[in-house]
Protein chains: 2
Amino acid sequence: MRTVTIADVAKHAGVAVSTVSYVLSGKRAISATTSQRVMRSVRALGYHPNAGARALASKRSNVIALVLPLRAGMHLPVAMQFATSVVTTARQFDHDVLLMTADEGPDGLRRVAASALVDGLVLMDVEINDLRVPLLRELEEPSVLIGFPADASGLTCVDLDFARAGALCAEHLASLGHREIALLGAPHVVYQRGTGYAERTMEGFVEAGQALGLSAIALPCEEGFDEVCATVKTLLEGHPGLSGLVVHNEAAVGHVLGALRVLGRRVPEEVSVVAICPGDVAERASPPLTSVLIPAADVGHQAVRLLMSKLEGAPVPDATLLEPRLTVRQSTTPRL
Amino acid sequence: MRTVTIADVAKHAGVAVSTVSYVLSGKRAISATTSQRVMRSVRALGYHPNAGARALASKRSNVIALVLPLRAGMHLPVAMQFATSVVTTARQFDHDVLLMTADEGPDGLRRVAASALVDGLVLMDVEINDLRVPLLRELEEPSVLIGFPADASGLTCVDLDFARAGALCAEHLASLGHREIALLGAPHVVYQRGTGYAERTMEGFVEAGQALGLSAIALPCEEGFDEVCATVKTLLEGHPGLSGLVVHNEAAVGHVLGALRVLGRRVPEEVSVVAICPGDVAERASPPLTSVLIPAADVGHQAVRLLMSKLEGAPVPDATLLEPRLTVRQSTTPRL
DNA sequence: CCGGTCTATCGAAGCGCTTCGACGGTGTAT
DNA sequence: ATACACCGTCGAAGCGCTTCGATAGACCGG
């Protein structure tokens with residue numbers, strides 16, 4: 001069963017090859033009758049344009065790269081959500097997605113770009129000092145970053161506004177009358193690496209807390225149950241008046257609740273807890289957690305939209321920050 | 001900066017285009033001196049073959065599709081591990097990976113296959129009655145499934161031997177002297193959908209337990225803390241002699257430990273717990289859990305290896321079952 | 001009824017690569 | 001020396017598509 005080519009369609013429809021091409025691409029006006037005839041042939045023969053030939057002739061592969069480094073401390077489910085929303089959105093723009101990891105390093109990016117395998121790139125989990133960033137500036141291919149490197153000039157970046165997310169948590173707790181609050185963040189390693197979002201959340205939290213006249217402290221948090229327990233215990237002992245806790249660490253969220261249970265602090269009666277995490281984690285906890293959810297799907301969607309604009313030569317903003325939204329559930333309550 | 005083509009390399013090295021091609025592909029013998037000269041030119045010019053042109057001429061895109069449906073109850077981190085090991089392995093074979101979700105359904109597969117965008121397919125999370133399966137049989141392109149559909153004839157499937165994993169847990173508990181054991185599985189929805197691995201684990205567990213003369217029961221388990229708590233409570237009340245628990249549900253693992261803590265059952269002194277889950281989840285728990293880990297990386301690796309063999313026309317086994325391994329940690333102990 | 005303007009379609013020239021057959025040149029058996 | 005095989009290299013023919021310029025009508029105003 002030889003595969004069907006555009007020539008087969010043309011013959012079947014009794015038109016020229018170029019006419020079929022124009023019907024399919026819409027780049028020139030074709031009469032309705034011809035167009036219909038061609039489309040009927042396309043369906044009758046089950047024609048699918050050959051991707052390689054198309055790419056060669058048009059200099060567009062209709063594929064974008066999704067570069068997804070996998071590092072300690074990053075949360076896989078969120079990464080997965082990003083990835084799927086990128087794929088789904090790309091498909092809406094008639095593009096496919098090539099999945100790349102960081103194993104190959106910058107050379108991998110150079111390879112796929114130079115070989116014209118992809119038309120553009122979406123990079124996830126961008127670090128403050130990311131090796132891939134300087135390369136992006138050299139590349140012909142447009143790119144969009146999810147996250148912000150130290151120097152974002154000339155780049156297109158998208159992310160949740162984590163500073164605002166941190167601030168939102170502080171404000172929510174303040175509005176409930178809490179006066180001493182704390183944020184438990186990512187593991188140490190994440191900060192050492194300089195992954196911007198973790199730091200920005202802390203800063204936003206602490207600054208907003210102080211601006212509201214609260215005692216607000218932030219500290220990293222490892223992900224083992226025993227470590228979480230110890231951290232929470234020390235925290236509570238050092239700050240007896242502490243009544244509001246923000247957790248920005250998905251692996252630790254469950255453990256924090258377990259720790260509070262073990263330490264005999266009831267949630268929310270004695271300690272109000274806010275999580276910054278995906279919705280399902282928050283809902284699945286006991287009690288269901290008031291949370292700021294990470295809109296992974298939105299971020300992925302925006303990233304692709306921006307990339308598509310760049311591919312069409314349209315101007316796009318350098319920075320896109322998504323507004324966080326706080327959902328109140330049963331883990332926060334006014335301070336007694 | 002026009003992109004470098006094979007003609008540029010040929011001119012720079014003073015040879016014919018075809019010679020450059022043969023040097024790069026190794027499909028014909030080329031003298032060492034010519035070969036070196038060509039390679040020097042390749043490096044000097046920074047040549048990268050155009051993927052589209054290559055695909056068009058050779059009828060091979062050097063891209064494989066990774067089809068990753070996203071469904072309720074499936075565990076994202078494991079999926080992510082699969083994905084990355086697929087990408088890494090594919091790169092070792094000089095292939096790239098196109099990421100697809102299930103949104104497009106079988107049509108998406110048909111599209112990428114018919115357009116010669118990909119040379120082969122790896123499908124994850126295959127269901128007992130998977131719509132995509134009949135299509136695969138029609139396709140010219142070879143494919144490998146991760147998981148087993150009801151009718152696997154003529155297909156190549158890879159998976160962890162979940163029945164064996166369930167059995168292994170039962171045997172481990174039996175060897176420690178436990179006489180009444182239970183398995184907490186995936187949420188109901190997973191069984192309703194007919195996702196084979198969940199059922200196979202249960203069967204393996206129950207059969208091995210019975211063969212060893214134990215009381216072994218298995219039941220689904222939802223993922224919310226309160227639900228887990230209720231399930232565990234009911235279970236313990238209904239089976240006062242129960243001293244061994246297997247958990248095959250990553251989202252619930254943490255909650256099960258929390259539930260036992262709340263119910264005042266100490267682990268491992270009163271209840272031994274075995275988890276079937278990724279290593280990091282087991283290690284992060286308190287106490288660290290004896291576990292059978294899901295060798296996602298291995299499975300992905302095998303899947304790609306098999307696919308590459310098929311691409312080269314080599315015969316491959318229909319079914320590849322990976323042997324599970326149980327790691328003893330601190331959550332299991334001999335029955336008092 | 002002629003030049004001018006559109007519109008719908010065609011034909012052909014590539015895009016950059018692989019691959020097939022051809023062809024000198026060198027080595028080996030006769 | 002002659003025939004033959006073989007090795008290393010070349011040239012050219014596509015692969016299936018897009019796109020540019022050309023063309024043949026249809027339609028218009030003058």
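Residue numbering restarts at 1 for every chain, and letters A, B, ... go by the order of the sequence lines.
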d(B:Phe93 CZ, B:Ile64 CD1) to nearest 0.5 Å is 9.5 Å
By side chain to side chain donor-acceptor pair (under 3.5 Å), B:Ser35 pairs with (sequence neighbours left out) none
Numerically ordered, the residues 90-97 of chain B set in heavy-atom contact under 4.0 Å with DNA chain D is none
Those residues at least two apart in sequence (or on a different chain) that pass side chain to side chain donor-acceptor pair (under 3.5 Å) with A:Asn129 are none
Salt bridge (Lys or Arg N to Asp or Glu O under 4.0 Å) filter on B:Asp96, not counting sequence neighbours, yields A:Arg111, B:Arg91
**Request:** Inspect the surroundings of NZ in B:Lys310 and state if more than 12 heavy atoms from other residues, nucleotides or ligands are less than 6.0 Å away.
**Result:** yes
The correct set of residues in residues 10-18 of chain A placing a heavy atom under 4.0 Å from DNA chain D is A:Val17, A:Ser18
Applied to residues 117-162 of chain B, the ring pair (Phe, Tyr, Trp, His ring centres under 6.0 Å) test, sequence neighbours excluded, yields B:Phe162-B:Tyr197, B:Phe162-B:His248
Here the pair of heavy atoms bringing A:Ala102 nearest to A:Pro69 is CB-CB, 3.6 Å
Span of DNA chain C engaged by chain B, first through last nucleotide within the 4.0 Å heavy-atom cut-off, is C:dG16 to C:dA22
Residues of residues 19-29 of chain A with a heavy atom under 4.0 Å from any atom of DNA chain D, listed by number, are A:Ser21, A:Tyr22, A:Lys27, A:Arg28
One should read off an interatomic distance between A:Asp159 CG and A:Leu322 CG, to the nearest 0.5 angstrom, of 8.5 Å
Q) Any luck finding a side-chain donor-acceptor pair between A:Thr89 and A:His301 under 3.5 Å? A) yes
TODO: Run the numbers on B:Thr33 and B:Gln36 for side chain to side chain contact (heavy atoms under 4.5 Å, CB included), then give the verdict.
DONE: CA-CA 5 Å; B:Thr33 56; B:Gln36 282 166 19; 5.6 Å; no
Distance col, row A:Arg37:CZ vs A:Ile30:CD1, nearest 0.5 angstrom, shows 10.5 Å
Residue set satisfying salt bridge (Lys or Arg N to Asp or Glu O under 4.0 Å) with A:Asp107, at least two apart, ordered chain then number -> A:Arg110
Those residues at least two apart in sequence (or on a different chain) that pass side chain to side chain contact (heavy atoms under 4.5 Å, CB included) with A:Ile128 are A:Ala150
Rounded to the nearest 0.5 Å, the CG atom of A:Asp130 sits from the CG atom of A:Asp125 at a distance of 8.5 Å
Note: contacts of residues 33-51 of chain A with DNA chain D (heavy atom, under 4.0 Å) are A:Tyr47, A:Pro49, A:Asn50
Output for pair (B:Gln302 CD, B:Leu321 CG), nearest 0.5 Å, gives 11.5 Å
When the rotation axes relating C1' atoms of four end pairs to the next four are compared across the helix from C:dC1-D:dG30 to C:dT30-D:dA1, five pairs an end, they differ to 10° by 40°
